[in-house]
J.: 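Provided herewith is a single structure, encoded as structure tokens, for subsequent inquiry.
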There are 2 protein chains.
Amino acid sequence: MSDATKQQSVAPAEMGDQDRTPRTERGRRTLRALLDAAAQEFGAKGFHATGITDITRRAGVALGSFYTYFTSKEEIFRALVTDLSAQVKAHVTPHVLAAPDALAKEQAALDHYLDFVSEQQLIYRIIDEAEFVAPDAYQDHYRSTVARIAARLQAGAAAGELREGVGEVEAWAIAGMNVFLGLRYGVWGNDRELRDVLERAHQLVADGLRKR
Amino acid sequence: MSDATKQQSVAPAEMGDQDRTPRTERGRRTLRALLDAAAQEFGAKGFHATGITDITRRAGVALGSFYTYFTSKEEIFRALVTDLSAQVKAHVTPHVLAAPDALAKEQAALDHYLDFVSEQQLIYRIIDEAEFVAPDAYQDHYRSTVARIAARLQAGAAAGELREGVGEVEAWAIAGMNVFLGLRYGVWGNDRELRDVLERAHQLVADGLRKR
DNA sequence: CTGAAACATGAATCAAGATTCAACTTGAAA
DNA sequence: TTTCAAGTTGAATCTTGATTCATGTTTCAG
């Protein structure tokens, strides 16, 4: 519960009006409790089905306190998306950096992405629902994710490990592949071994479908 | 407007209660108008932001008439998802059948899927939102879509055109790829030439990323 | 110790919008 | 023609739940 939103610096929360950043230790604790509770509730029931009261109840906080930290339900959702996006990145990046070559990097990325999704199952759905609740946050997430993939691919090509000319389109394709595999085998069902999924996907990315 | 939901046989609409299938020509016309209007409204504003009144207003029908045909907002949404799912299939299948070999079939599938998405932009988002509004309809859609892809791949392998052993996992990967490319280049922006996207994606699926 | 400034509280307010319903029309079968 | 099932109508009802606010309680700098 208290690790859904670990070391986050959270939202600026300045929105034209008052500055809602907590000034006290007590305040920071409450804010954290609200974010963690919101992650659980939104993750389990979705944006529209969860009420502010659900969030405050789970956080062990009075209804009115919510508005000390957020101006609306959308605002906390948006903060959560930003935070989760950073978490995915933080979870995956070190393993990518540690991988020896371009193809291994893509495999590592998928591997630890599947990891994260499997662990965070419900919570991960928040990012997907953002497509409808906070489209800009959703686009930011995927645009920056894909930008990182594309940069890796180009570096790999420059190093002579990948075909010349790979770039943005290939990056979107890989991102889509990863997301669907995560949804199907990480969230919907744990039937098939993730290791098997990983190997098959990687073979596809590396060498395609054609018989040789 | 009147072609978003062309020759559909629409929903059974029997749900434990009365049979709401129209018995008159007039009734069938109204039902059609409601479905078309709903597709427009849901597509443009999303499920929660569109009211029943928005739908009936656009359909040129009184509020109460809605409940002659549907028991709830969710029900019409579900009917729409089922219908759109069938439309995508209908749009893509003939071209797949016409393609000469396994790889060409996958290319044709992506090609005409991108087509459909580009044409139907907003409307297509309905299927995506179903992940949260009608999860079972969403799963049905993708499970059956993927089943078709997997069957094609297996047939291709049997014909000696594809690697041995390709199947479900590869099919999910391809589906994810297609969906993301459709979202990025079909819905979000028409910047890059779809032909270029198509070629790059196909090369990836056929031969992978590795330098040879 | 003391008094703002921060923070907490939850009943009351308010708006939106889904659903119901009783009265009215239409159209085609008899 | 007549009649009735099918279809139409929109004002009224009902729920739900987000947001406000007036009133307490805590914290901490000085």
Side-chain angles (χ1 to χ4, degrees), chain A residues 10-11 13-38 41-42 44-80 132-134, chain B residues 10-11 13-38 41-42 44-80 132-134:
Chain A
V10 177
E14 178 80 61
M15 287 297 278
D17 219 27
Q18 276 80 42
D19 180 2
R20 291 166 188 276
T21 307
R23 293 174 193 299
T24 326
E25 184 48 36
R26 177 169 63 139
R28 276 185 289 276
R29 253 200 314 277
T30 309
L31 174 56
R32 167 63 40 78
L34 284 171
L35 283 165
D36 287 346
E41 295 289 328
F42 283 144
K45 308 193 301 196
F47 181 79
H48 294 282
T50 83
I52 307 283
T53 49
D54 296 325
I55 296 173
T56 54
R57 185 181 318 119
R58 184 188 283 261
V61 153
L63 173 54
S65 294
F66 179 89
Y67 292 91
T68 304
Y69 300 98
F70 300 97
T71 46
S72 68
K73 199 165 81 160
E74 282 205 0
E75 191 179 299
I76 194 176
F77 188 88
R78 192 176 299 274
L80 237 28
F132 304 97
V133 175
Chain B
V10 180
E14 178 81 60
M15 289 295 281
D17 220 22
Q18 276 80 42
D19 181 1
R20 291 166 188 276
T21 307
R23 289 168 199 301
T24 328
E25 184 48 33
R26 179 168 63 138
R28 276 185 288 276
R29 253 200 314 277
T30 306
L31 174 57
R32 169 62 40 79
L34 284 171
L35 283 165
D36 287 347
E41 295 289 328
F42 284 143
K45 306 194 302 196
F47 180 78
H48 294 282
T50 83
I52 309 282
T53 49
D54 296 325
I55 296 173
T56 53
R57 187 179 318 119
R58 183 187 283 260
V61 153
L63 174 54
S65 292
F66 178 88
Y67 293 90
T68 304
Y69 300 98
F70 300 97
T71 47
S72 68
K73 201 165 79 160
E74 283 206 0
E75 190 179 300
I76 194 176
F77 188 88
R78 192 176 300 273
L80 236 28
F132 304 96
V133 176

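Lettering of chains follows the sequences in order, A, B, ..., and the numbering in each one begins at 1. It should be emphasised that the depicted structure is a prediction, and the values quoted were computed from it without experimental measurement.
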J.: Could you check how far CZ of R28(B) sits from P of dT8(D), rounded to whole Å?
T.: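 Rounded to the whole Å, the gap is 12 Å.
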J.: Name the orientation class of the two ring planes belonging to H48(A) and H48(B) (parallel below 30°, tilted from 30 to 60°, perpendicular beyond 60°).
T.: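 Aromatic pair H48(A)/H48(B) classed parallel.
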J.: Taking the side chain as every heavy atom from C-beta outward, state whether I52(A) and Y67(A) have any atom pair closer than 4.5 Å.
T.: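 Yes, at least one pair of side-chain atoms sits under 4.5 Å.
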J.: Please find the earliest and latest nucleotides of DNA chain C, in the 5' to 3' direction, that have an atom within less than 4.0 Å of any heavy atom of chain B.
T.: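 Under 4.0 Å from chain B, the extent on DNA chain C is dA18(C) to dT26(C).
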J.: Are there any protein N/O atoms within less than 3.5 Å of an N/O atom in nucleotides 12-18 of chain D, and if so, which ones and at what distance?
T.:
unit_1: dA18(D); atom_1: OP1; unit_2: K73(A); atom_2: NZ; d: 3.2
unit_1: dA18(D); atom_1: OP2; unit_2: I52(A); atom_2: N; d: 2.8

J.: Could you list the residues that satisfy side chain to side chain contact (heavy atoms under 4.5 Å, CB included) with A33(B), not counting sequence neighbours?
T.: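 Expected list: A59(B).
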J.: Roughly how many Å is it from OH in Y69(A) to P in dT19(D), rounded to a whole number?
T.: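 For the pair Y69(A) OH and dT19(D) P, the rounded distance is 18 Å.
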J.: Please list, chain by chain and in numerical order, all residues satisfying side chain to side chain contact (heavy atoms under 4.5 Å, CB included) with S65(A), sequence neighbours excluded.
T.: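 S65(A): side chain to side chain contact (heavy atoms under 4.5 Å, CB included) contacts with V61(A), A62(A).
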J.: State the CZ-NZ distance between F132(A) and K45(B), to the nearest 0.5 angstrom.
T.: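 Rounded to the nearest 0.5 Å, the CZ-NZ separation comes to 16.0 Å.
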J.: Under the ring-ring contact (aromatic ring centres under 6.0 Å, His included) test, which residues partner F66(A), sequence neighbours left out?
T.: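 With sequence neighbours excluded, F66(A) shows a ring-ring contact (aromatic ring centres under 6.0 Å, His included) to F70(A), given in chain and number order.
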J.: Is T30(B) close enough to dG7(D) that one of its side-chain N or O atoms is under 4.0 Å from OP1 or OP2 there?
T.: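 Checking dG7(D) against T30(B), no side-chain N or O comes under 4.0 Å of OP1 or OP2.
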J.: If you look at every heavy atom in F47(B) and E74(B), which pair is closest and at what distance?
T.: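 Smallest interatomic distance, heavy atoms only, reads CZ-CG, 3.8 Å.
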J.: Rounded to the Å, how far apart are R23(B) CZ and dT8(D) C1'?
T.: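 Distance check: R23(B) CZ to dT8(D) C1' gives 17 Å.
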J.: Just to verify, what does R57(A) make a side chain to side chain contact (heavy atoms under 4.5 Å, CB included) with, not counting sequence neighbours?
T.: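 Partners of R57(A) by the side chain to side chain contact (heavy atoms under 4.5 Å, CB included) criterion, ordered by chain and then number, come out as T53(A), D54(A).
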J.: Please encode protein proximity along nucleotides 22-30 of chain D as a string of B, S and -, counting only heavy-atom distances under 4.0 Å.
T.: ----BSS--
J.: Taking salt bridge (charged side-chain N to carboxylate O under 4.0 Å, His left out) as the definition, give me every residue that meets it alongside R26(A), ordered by chain and number, with sequence neighbours left out.
T.: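 Checked R26(A) against salt bridge (charged side-chain N to carboxylate O under 4.0 Å, His left out); zero matches.
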J.: Applying side chain to side chain contact (heavy atoms under 4.5 Å, CB included), name anything that partners R28(A), two or more places apart in sequence or on another chain.
T.: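 Partners of R28(A) by the side chain to side chain contact (heavy atoms under 4.5 Å, CB included) criterion, ordered by chain and then number, come out as P22(A), E25(A).
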